[in-house]
**Student:** 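Take a look at the following structure, please.
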Amino acid sequence: YFYRSGSVKHELTGIPLNEFLLKKAGQTWDNVIEEDATFDDIDEPTIKKFLRKAEDAGRLPDIEGLSTPELLDKLHLTKNGKLKRAAIVLFGKDPGKFYPNTFVKIGKFDDDDFTIRFQEVEDGNIIQVLDKVLRTLDYKFLIKNISFEGMNRVETLEYPVPALREMLLNALVHRNYMGAPTQLRVYDNKLQLWNHGTLPV
């Protein structure tokens, strides 16, 4: 397969070729069945956490008493009793066993963009990684503003937690899992979040 850029013809290889073939077949990466995965690869504590959050939010009615296979089928994460890639990324015990770049790299950088002071890597499924990254930012990367309410000391992060959560969720959900891992660069006065993804067309 080839594509033209100006007057030059280029061969499609690697990730762009995979994306082209999936699109031609009317598929998306996350909707493909993962033949090597079984329900033993699904993390039950993550399923339970997801169900608690869904119940708190008043979503997903009629899920009480469903088994894990039934729940995943209701969420369209299985086909003919087999797990789709999205099920592994969302609820897998070890998504990195199937897809090596599902982790998030966090680095603390100087303003010159090149000097890195320290870094961390957080892995797991999307639900686990979201909590792990927020916890790591809280403990190690972000400054806490201190104020007092009467005799009580109050600590708040320099960025609102809901904004951080929304930013991370977008980066984890809207990305290409065939590409490089999600990267978060922390500076003294800004955050930069990058993922291997493109805007929908």
Side-chain angles (χ1 to χ4, degrees), residues 29-30 41-60 75 77 85-200:
W29 180 88
D30 53 330
D41 292 303
I42 297 299
D43 186 58
E44 287 297 331
T46 302
I47 291 281
K48 290 175 181 174
K49 183 173 186 176
F50 170 79
L51 290 174
R52 283 196 306 271
K53 287 182 177 291
E55 185 178 355
D56 292 344
R59 298 182 178 182
L60 293 179
L75 295 172
L77 296 175
R85 290 171 173 168
I88 301 298
V89 172
L90 279 168
F91 299 117
K93 289 177 182 174
D94 182 13
K97 182 175 88 172
F98 298 94
Y99 322 117
N101 292 327
T102 54
F103 58 92
V104 176
K105 293 176 72 173
I106 314 168
K108 178 70 173 178
F109 286 82
D110 285 341
D111 290 338
D112 61 9
D113 282 338
F114 300 105
T115 307
I116 183 166
R117 299 181 199 168
F118 52 88
Q119 62 181 341
E120 293 288 344
V121 173
E122 299 295 354
D123 60 2
N125 59 54
I126 284 180
I127 293 171
Q128 292 169 337
V129 165
L130 177 64
D131 289 341
K132 287 179 180 180
V133 171
L134 287 171
R135 199 176 309 122
T136 300
L137 288 174
D138 182 20
Y139 291 156
K140 191 169 182 179
F141 285 85
L142 297 180
I143 296 170
K144 291 181 181 177
N145 299 311
I146 298 171
S147 60
F148 292 89
E149 292 180 1
M151 296 295 291
N152 296 320
R153 172 183 165 124
V154 178
E155 295 183 354
T156 55
L157 283 179
E158 56 185 316
Y159 299 98
V161 173
L164 291 172
R165 190 176 193 82
E166 183 69 17
M167 175 182 76
L168 285 166
L169 268 173
N170 281 323
L172 293 170
V173 172
H174 302 294
R175 62 153 290 187
N176 182 335
Y177 280 95
M178 292 184 289
T182 303
Q183 299 170 29
L184 177 57
R185 299 167 70 100
V186 181
Y187 298 86
D188 288 338
N189 61 351
K190 64 182 177 182
L191 298 174
Q192 283 186 347
L193 189 60
W194 178 91
N195 69 2
H196 196 126
T198 56
L199 293 171

**Student:** Compare all side-chain heavy atoms of Gln128 with those of Asp43 and state whether any distance is below 4.5 angstrom.
**Tutor:**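 With C-beta onward as the side chain, the pair touches.
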
**Student:** Nearest 0.5 Å please: distance from the NZ atom of Lys53 over to the CD1 atom of Ile127.
**Tutor:** 8.5 Å

**Student:** Who pairs with Tyr177 by ring-ring contact (aromatic ring centres under 6.0 Å, His included), at least two apart in sequence or on another chain?
**Tutor:** Trp29

**Student:** Which pairs pass ring-ring contact (aromatic ring centres under 6.0 Å, His included) with one or both residues in residues 122-142, sequence neighbours excluded?
**Tutor:**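 Passing the test, one end in residues 122-142: Phe118-Phe141.
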
**Student:** Can you tell me how far the CD atom of Glu120 sits from the CD1 atom of Ile106, to the nearest 0.5 Å?
**Tutor:**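 Glu120 atom CD to Ile106 atom CD1 measures 7.0 Å (nearest 0.5 Å).
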
**Student:** Looking only at heavy atoms, which two atoms of Asp123 and Val129 are closest? And how far apart?
**Tutor:** C-CG2, 3.5 Å

**Student:** Can you tell me if Asp110 uses its side chain to pair, donor with acceptor, with the backbone of Asp112 under 3.5 Å?
**Tutor:**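 The answer is no, because no donor-acceptor pair under 3.5 Å joins these two groups.
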
**Student:** Residues in side chain to side chain donor-acceptor pair (under 3.5 Å) with Asp138, at least two apart?
**Tutor:** Lys144

**Student:** What heavy-atom pair brings Pro95 and Thr102 nearest, and what distance separates the two atoms?
**Tutor:** CB-OG1, 3.9 Å

**Student:** Given the rule in the side-chain contact (heavy atoms from CB on, under 4.5 Å) test, do Leu184 and Leu137 qualify, once you have shown the distances and angles that lead to the verdict?
**Tutor:** CA-CA 10 Å; Leu184 177 57; Leu137 288 174; 3.8 Å; yes

**Student:** Got a sec, which pairs hit salt bridge (Lys or Arg N to Asp or Glu O under 4.0 Å) with one end in residues 171-187, sequence neighbours left out?
**Tutor:**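 Listed by first then second residue: nothing to list.
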
**Student:** Out of curiosity, Leu77 CG to Arg85 CZ, how far, rounded to the nearest 0.5 Å?
**Tutor:**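 Reported value, rounded in 0.5 Å steps: 14.0 Å.
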
**Student:** Hey, what do you get for CG (Leu142) to CG (Leu191), rounding to the nearest 0.5 Å?
**Tutor:**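 Spacing of CG (Leu142) from CG (Leu191) equals 6.0 Å.
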
**Student:** Mind checking what makes salt bridge (Lys or Arg N to Asp or Glu O under 4.0 Å) contact with Lys97, not counting sequence neighbours?
**Tutor:** Asp41

**Student:** Side chains of Phe98 and Val89: closer than 4.5 Å at any heavy-atom pair?
**Tutor:**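 The answer is no, as the side chains (C-beta and beyond) never meet within the 4.5 Å cut-off.
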
**Student:** What donor-acceptor contacts under 3.5 angstrom involve side-chain atoms of residues 147-155, with partners at least two apart or in another chain?
**Tutor:**
residue : atom : partner : partner atom : Å
Arg153  : NE   : Glu155  : OE2          : 3.0
Arg153  : NH2  : Glu155  : OE2          : 2.9

**Student:** Tell me every residue that passes ring-ring contact (aromatic ring centres under 6.0 Å, His included) with Phe103, counting only those two or more places apart in sequence or in another chain.
**Tutor:** none

**Student:** Report all side-chain donor-acceptor pairs from residues 158-166 shorter than 3.5 Å, counting only partners two or more places apart or in another chain.
**Tutor:**
residue : atom : partner : partner atom : Å
Glu158  : OE2  : Ile143  : N            : 2.8
Tyr159  : OH   : Lys190  : N            : 3.4

**Student:** By salt bridge (Lys or Arg N to Asp or Glu O under 4.0 Å), which residues pair with Glu122, not counting sequence neighbours?
**Tutor:**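 Counting only residues at least two positions away or on another chain, Glu122 forms no salt bridge (Lys or Arg N to Asp or Glu O under 4.0 Å).
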
**Student:** For Lys105, enumerate each residue passing the salt bridge (Lys or Arg N to Asp or Glu O under 4.0 Å) test, keeping only those at least two apart in sequence or located in another chain.
**Tutor:**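 Lys105 satisfies salt bridge (Lys or Arg N to Asp or Glu O under 4.0 Å) with no residue once adjacent residues are dropped.
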
**Student:** Would you check if Leu172 and Val104 make a side-chain contact, meaning some heavy-atom pair closer than 4.5 Å?
**Tutor:** yes

**Student:** Using 0.5 Å steps for rounding, measure from the CG atom of Asp111 to the CG atom of Asn189.
**Tutor:**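 Going from the CG atom of Asp111 to the CG atom of Asn189 covers 5.5 Å.
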
**Student:** Could you walk me through whether Leu134 and Leu168 pass side-chain contact (heavy atoms from CB on, under 4.5 Å), step by step?
**Tutor:** CA-CA 9 Å; Leu134 287 171; Leu168 285 166; 3.6 Å; yes

**Student:** How long is the straight-line distance from CG of Leu169 back to NE2 of His174, given to the nearest 0.5 Å?
**Tutor:**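 Reported to 0.5 Å precision, the distance equals 9.0 Å.
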
**Student:** Apply salt bridge (Lys or Arg N to Asp or Glu O under 4.0 Å) to Asp188 and list each qualifying residue two or more places apart in sequence or on a separate chain.
**Tutor:**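 So Asp188 forms a salt bridge (Lys or Arg N to Asp or Glu O under 4.0 Å) with Lys108, Arg117.
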
**Student:** Would Phe50 and Asn125 satisfy side-chain contact (heavy atoms from CB on, under 4.5 Å), going step by step from the backbone distance to the final call?
**Tutor:** CA-CA 12 Å; Phe50 170 79; Asn125 59 54; over 6 Å; no

**Student:** Counting heavy atoms not belonging to Gln192, are there more than 12 under 6.0 Å from its CD?
**Tutor:** yes

**Student:** Any chance you could lay out the side-chain contact (heavy atoms from CB on, under 4.5 Å) test for Thr182 and Leu193, step after step, and finish with the verdict?
**Tutor:** CA-CA 8 Å; Thr182 303; Leu193 189 60; 4.0 Å; yes

**Student:** Which residues satisfy the side chain to side chain donor-acceptor pair (under 3.5 Å) test with Gln119, sequence neighbours excluded?
**Tutor:**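 Applying side chain to side chain donor-acceptor pair (under 3.5 Å) to Gln119 gives none.
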
